[in-house]
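Scroll down for the structure; my scribbles are underneath it.
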Amino acid sequence: MQSVAEALDRLAGLAASPTVATLADAFEAAGFELALVGGPVRDAFLGRSTNDLDFTTDATPDEILAVVKPVAEAHWDIGRAFGTIGAIVQGHTVEITTYRADAYDGTSRKPEVVFGTSLEDDLVRRDFTVNALALRLPQRTLVDPSGGVEDLIAQVLRTPAAPEVSFGDDPLRMMRAARFAAQLGFEVEPGTHAAMSELAPEIDRISAERVRDELSKLLCTAAASRGIRLLVDSGIAARVLPEIPALRLEIDEHHHHKDVYEHSLTVLDQAIDYEASRAVLDSPDLVVRLAALLHDIGKPATRRLEPGGAVSFHHHDMVGAKLARKRLRALRFDNDTIKAVSRLIELHLRFFGYTDGAWSDSAVRRYVRDAGDQLERLHILTRADVTTRNRRKADRLGFAYDDLEERVARLAEEEELAAVRPELDGQEIMAALGIRPGPVVGEAYKYLLDVRLDEGPIGADAARERLLAWWAARGDA
């Protein structure tokens with residue numbers, strides 16, 4: 001946390017930047033108010049860098065366009081219905097929004113957009129006091145009608161208006177509280193937290209797409225489990241992601257097993273750490289984080305209490321993949337994300353047979369083939385899934401996975417494993433067997449692929465001989 005003086009110095013430097021100064025001069029010359037608002041101002045106090053430049057003004061969208069056009073390299077009005085105009089000014093993307101005074105009517109999934117005339121009124125209708133800060137331009141005057149600076153110092157999230165009013169206006173703000181708690185490391189003020197629990201059913205008024213986007217932003221924070229925990233504790237997760245609170249399985253006094261809910265949050269934390277330390281994927285990686293959070297959601301449906309006090313979860317990987325597909329579709333995630341997450345959940349147990357006995361090269365090839373383009377994510381998820389407090393067991397699993405990755409790398413170098421395929425393609429198979437296109441070509445291709453996986457490269461001539469032998473054995477020659 002910066003001191004107020006340091007923050008004001010940072011804001012003065014930002015206000016003097018070519019982009020901000022150009023807009024400030026243009027709006028002042030046109031007779032309109034302009035203020036830098038929200039994240040950039042908050043982050044100046046937190047000592048954080050910011051890439052977003054958000055402004056608010058008393059100008060209407062049409063008036064904003066008239067002011068911006070002469071000074072912008074490009075502009076767009078995709079958010080005009082909500083009062084927002086986007087532009088590129090001096091090489092930086094900016095968004096400029098008319099003062100707002102809108103609210104939900106209590107039944108609709110969309111707010112009624114009403115433009116305001118006062119900066120202070122606009123700030124009071126924002127989500128949290130720490131985001132309800134503005135810097136008037138070109139005067140460079142800090143505007144803080146709700147005590148946002150004090151809350152930044154206290155590291156507290158609180159709504160500018162009464163939380164019942166703020167969350168009633170836009171219930172998605174309850175999910176934003178979880179996201180900002182994770183992103184900033186702040187605590188939610190007790191009255192605000194209580195209102196989240198009381199008004200949790202109101203989240204049903206929000207479209208699946210908006211819920212998805214907010215959940216994605218939360219998961220892409222560095223401390224995502226903190227936000228997930230808040231959603232679960234407040235009852236919001238039970239309405240938007242019910243599979244997670246369902247992981248808090250009742251522990252029978254005679255049957256002992258790992259706390260699946262806490263385990264899943266630990267896996268999420270560890271996956272985030274591996275994602276950063278391995279530095280192979282672009283970070284944050286939403287697919288990895290969704291898979292880590294959801295990887296055990298099949299356990300409640302498959303839980304069995306066995307004789308002798310054991311607990312089993314047979315086939316929870318396959319059940320979990322099916323449940324993940326259903327939930328992610330309901331949240332309107334794209335097909336590629338759904339496919340990748342569900343595939344990772346299907347495969348997340350595959351490695352744990354590696355320590356039972358030495359895998360053949362064939363088994364390693366199949367592991368790589370089945371993972372496909374999700375191999376690096378599977379590496380991360382599998383490593384993160386080791387949460388045992390038994391250091392000897394954890395080390396044994398870690399060393400075993402090191403060994404597996406070394407074998408994958410060696411085979412990949414020797415055989416171009418990532419592109420493993422039979423030595424004969426479909427056209428060559430049809431030519432060798434004298435057949436037309438049809439299902440049998442696929443069967444022959446699969447047979448040769450199994451040979452390739454089991455034995456490695458054998459060459460085109462040997463593959464053709466094996467194919468003809470397979471064909472003869474079928475009785476089709």
Side-chain angles (χ1 to χ4, degrees), residues 1-59 64 67-68 71-73 79 83-100 116-160 176 179-181 183-186 217 221-222:
M1 176 72 187
Q2 305 283 290
S3 69
V4 173
E6 289 172 326
L8 292 177
D9 284 344
R10 284 171 60 95
L11 286 170
L14 185 57
S17 69
T19 299
V20 178
T22 296
L23 286 170
D25 292 344
F27 276 82
E28 183 182 42
F32 296 114
E33 297 178 5
L34 184 71
L36 189 66
V37 69
V41 184
R42 177 199 69 215
D43 290 342
F45 282 90
L46 295 176
R48 296 160 55 105
S49 60
T50 183
N51 296 318
D52 298 325
L53 291 176
D54 296 326
F55 299 86
T56 188
T57 178
D58 60 344
I64 294 173
V67 173
V68 165
V71 298
E73 293 99 81
T84 300
I85 301 298
I88 297 177
V89 178
Q90 298 290 330
H92 290 276
T93 300
V94 301
E95 288 190 353
I96 308 162
T97 302
T98 306
Y99 296 154
R100 294 269 292 275
T117 58
S118 161
L119 173 59
E120 288 75 6
D121 290 346
D122 176 272
L123 294 176
V124 169
R125 61 155 289 280
R126 290 177 179 262
D127 52 7
F128 302 104
T129 60
V130 297
N131 295 328
L133 300 168
L135 186 71
R136 285 190 185 275
L137 300 168
Q139 301 91 335
R140 302 181 187 178
T141 304
L142 181 67
V143 182
D144 177 17
S146 305
V149 172
E150 287 82 358
D151 286 343
L152 280 172
I153 294 171
Q155 297 189 335
V156 167
L157 288 173
R158 180 172 57 88
T159 56
R176 286 197 199 117
R179 191 235 302 180
F180 284 120
Q183 178 179 320
L184 303 176
F186 286 11
K217 291 176 183 177
T221 64

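These numbers come from the heavy atoms of this one structure, side chains and all, not from hydrogens, waters or symmetry mates.
- Of all the heavy atoms in A30 and V67, the pair that sits closest is CB-CG2, 3.7 Å.
- For the side-chain hydrogen bond (donor to acceptor under 3.5 Å, both in side chains) with T84, the lone residue among T98, D54, T97 that qualifies is T97.
- Partner V41 forms a side-chain contact (heavy atoms from CB on, under 4.5 Å) with one of V143, V149, V130, L133 and no other, that one being L133.
- From R10, atom CZ reaches atom CZ of R48 across 10.5 Å, with rounding to the nearest 0.5 Å.
- Here the CG-CD distance, from D144 to E150, works out to 6.0 Å after rounding to the nearest 0.5 Å.
- Residue A21 comes nearest to A16 through the heavy atom pair CB-O, 4.2 Å, listed as atom of the first residue, atom of the second, then distance.
- Nearest heavy atom pair, residue R126 against residue N131, reads CD-O, 3.9 Å.
- Atom CG in L135 sits 6.5 Å away from atom CG in L142 (nearest 0.5 Å).
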Query raised in the report: Checking side chain to side chain contact (heavy atoms under 4.5 Å, CB included) for the pair R42/F128: CA distance, chi angles, key distance, verdict?
Result: CA-CA 11 Å; R42 177 199 69 215; F128 302 104; over 6 Å; no

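- Under 4.0 Å is where a charged nitrogen must lie from a carboxylate oxygen, and between E120 and R136 at least one such pair does.
- Looking at T19, its side chain does come within 3.5 Å of a backbone N or O of V89 through a donor-acceptor pair.
- Across E33 and F27, no two heavy atoms sit closer than the pair O-CD2, 4.2 Å.
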Requested in this report: Any chance you could lay out the side chain to side chain contact (heavy atoms under 4.5 Å, CB included) test for T221 and R179, step after step, and finish with the verdict?
Outcome: CA-CA 8 Å; T221 64; R179 191 235 302 180; 4.3 Å; yes

Query - Residues V20, F55; criterion side chain to side chain contact (heavy atoms under 4.5 Å, CB included); working and verdict - result: CA-CA 9 Å; V20 178; F55 299 86; 4.0 Å; yes

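- The two atoms that bring S49 and D43 nearest to each other are O-OD2, 4.1 Å, heavy atoms only.
- Rounding to the nearest 0.5 Å places OH of Y99 at 9.0 Å from OG1 of T117.
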Query - Stepwise side chain to side chain contact (heavy atoms under 4.5 Å, CB included) test for L23 and L137 - result: CA-CA 9 Å; L23 286 170; L137 300 168; over 6 Å; no

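- T56 places none of its side-chain heavy atoms less than 4.5 Å from the side chain of L123.
- Nearest heavy atom pair, residue A181 against residue L157, reads N-CD1, 3.5 Å.
- Here the CZ-CG distance, from R176 to D127, works out to 5.5 Å after rounding to the nearest 0.5 Å.
- Residues E95 and D52 are not in side-chain contact: their nearest non-hydrogen atoms beyond the backbone lie 4.5 Å or more apart.
- Looking only at side-chain heavy atoms (C-beta outward), I153 and F45 stay at 4.5 Å or farther from each other.
- The line from CD of Q90 to OG of S17 is 9.0 Å long, rounded to the nearest 0.5 Å.
- Between I96 and L34, the closest side-chain pair of non-hydrogen atoms falls below 4.5 Å.
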